[in-house]
Undergrad: 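Below: one structure in structure tokens.
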Amino acid sequence: MGKALIIGCGGVASVAIHKCCQNSGVFEEICIASRTKSKCDALKEKLSGGKTKITTAQVDANSVDELTALINQVKPDVVLNLALPYQDLTIMEACLAAKVNYVDTANYEPEDTAKFEYSWQWAYRKKFEDAGITALLGSGFDPGVTGVFSAYAQKHYFDEINYIDILDCNAGDHGYPFATNFNPEINIREVSAKGSYWEDGHWVETEPMEIKRVYNFPEIGDKDMYLLHHEELESLALNIKGIKRIRFFMTFGQSYLTHLKCLEDVGMTSIEPIEFQGQQIVPLQFLKAVLPDPSSLGPRTKGKTNIGCIFQGKKDGKDKTYYVYNVCDHQECYKEVGSQAVAYTTGVPAMIGAMMLMTGVWNKPGVHNIEEFDPDPFMDALNKWGLPWKESFSPELVD
Ligand code: NDP
């Protein structure tokens, strides 16, 4: 049916590419392009023999010119950005120049400032609309499926949603004292930032990991979870009717937190460059280089993830509560695509988002967050492509 250009060939991209190849009726052809072409070639080799035609290319995704030339050469129906958040704007610029639809899984971050907001990407709304192309922002799990869950709850179960708690639990054990489940640099920037939540029309800021709760996750049990700032809070606060408060909680084990604190205390998580043996290095980038590569965690990670949203609001004048979540097993993901569940739960929705634009099921020129689209076809696709969801109308609440 069409062709996708996938930029990046790391943990998340590997899952999305496996899934595109399973879905060859839609993804007749894909081009995998990344900084290190040998990784693209190795994955192509592994997946060859299927119905999806695969080509590979080398690209520096910081260069709009290189990207534009590649897009014009490949002529894809959609560009799926699975590189790092630093490359979002250059890839969006190239999509504009070549007039091709765009999908990503994380909002733009400038490399030298830990600032998580959509303003830079939302600034492209009119340009994309005028060009008649769609940018779908945040098509991973969180952001991504959490926005689809919110749109689904709003469409089917509520007249107004007043409270959303997004709960992200990873109960997987990889056996290392400290490792991250996706790109270590991006992960550590996110979790060491100040926390915040949206309440009564404004942000409430907290110290990192200041607010802790224990939640009894279905199919997992009690876990400590901590309030974090997370990018989808910003768009959901705008797009969901009647919102009074949105919070995001993520679980962390004690070993992860203790190591993170020690690394922070000695300056290893800093993004300020330092002089080292005659050259400038960024401590966090050095730390990334010595930590286990998240894509190597697949064979050793055991246990499950549970990510979902609890909604509280009103339907026909009555109070209503609704919890929708997905449970994913690390080892089942590994058996299927050779990756752990954190990459899997991001790569599957990335493939689905690209499919929604490629098939024209979603078509809304401009720059849009995922909850702005009809959630129903995406919810069906989650069940079909490996992330089935479950519902409860009387869940345990966070407070
Ligand atoms: P990885 O570090 O494993 O992969 C990133 C890939 O991008 C690598 O292949 C890397 O190349 C490539 N890349 C980096 N810089 C460039 C560049 N300048 N030009 C071309 N290619 C480049 O990251 P992950 O797979 O863990 O994460 C990918 C994305 O997914 C991130 O944006 C992350 O924030 C997001 N994410 C979203 C989640 C969600 O639920 N929404 C959850 C988890 C992650 P090389 O191999 O040379 O390093």
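These values consider heavy atoms only, across backbone and side chains, with no hydrogens, waters or symmetry-generated copies. Just so you know, ligand 1 is whichever comes first in the structure, and atom 1 is the first atom listed for that ligand.
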Undergrad: I'd like to know if Asp159 pairs up with Lys320 as an ion pair, taking the criterion as any Lys NZ or Arg NE/NH1/NH2 lying under 4.0 Å from an Asp or Glu carboxylate oxygen.
TA: no
Undergrad: Any luck finding a side-chain donor-acceptor pair between Glu234 and Asn107 under 3.5 Å?
TA: no
Undergrad: With a 4.0 Å heavy-atom cut-off, what residues sit around ligand 1?
TA: Gly8, Cys9, Gly10, Gly11, Val12, Ser34, Arg35, Thr36, Lys39, Val59, Asp60, Ala61, Asn62, Leu82, Ala83, Leu84, Pro85, Gln87, Thr105, Ala106, Gly140, Phe141, Asp142, Pro143, Phe182, Asn183, Ile186, Thr346
Undergrad: Have Ser63 and Asp65 got a donor and an acceptor in their side chains that come within less than 3.5 Å?
TA: no
Undergrad: Can you list every side chain to side chain donor-acceptor pair (under 3.5 Å) pair that touches residues 71-84, not counting sequence neighbours?
TA: Asn81-Asp88, Asn81-Tyr102
Undergrad: Considering only residues two or more places apart or on different chains, which pairs with a residue in residues 173-183 satisfy side chain to side chain donor-acceptor pair (under 3.5 Å)?
TA: Tyr176-Arg300
Undergrad: Side-chain donor-acceptor pairs under 3.5 Å in residues 272-287, sequence neighbours left out?
TA:
unit_1, atom_1, unit_2, atom_2, d
Glu275, OE1, Gln280, NE2, 2.9
Gln285, NE2, Glu111, OE2, 3.3

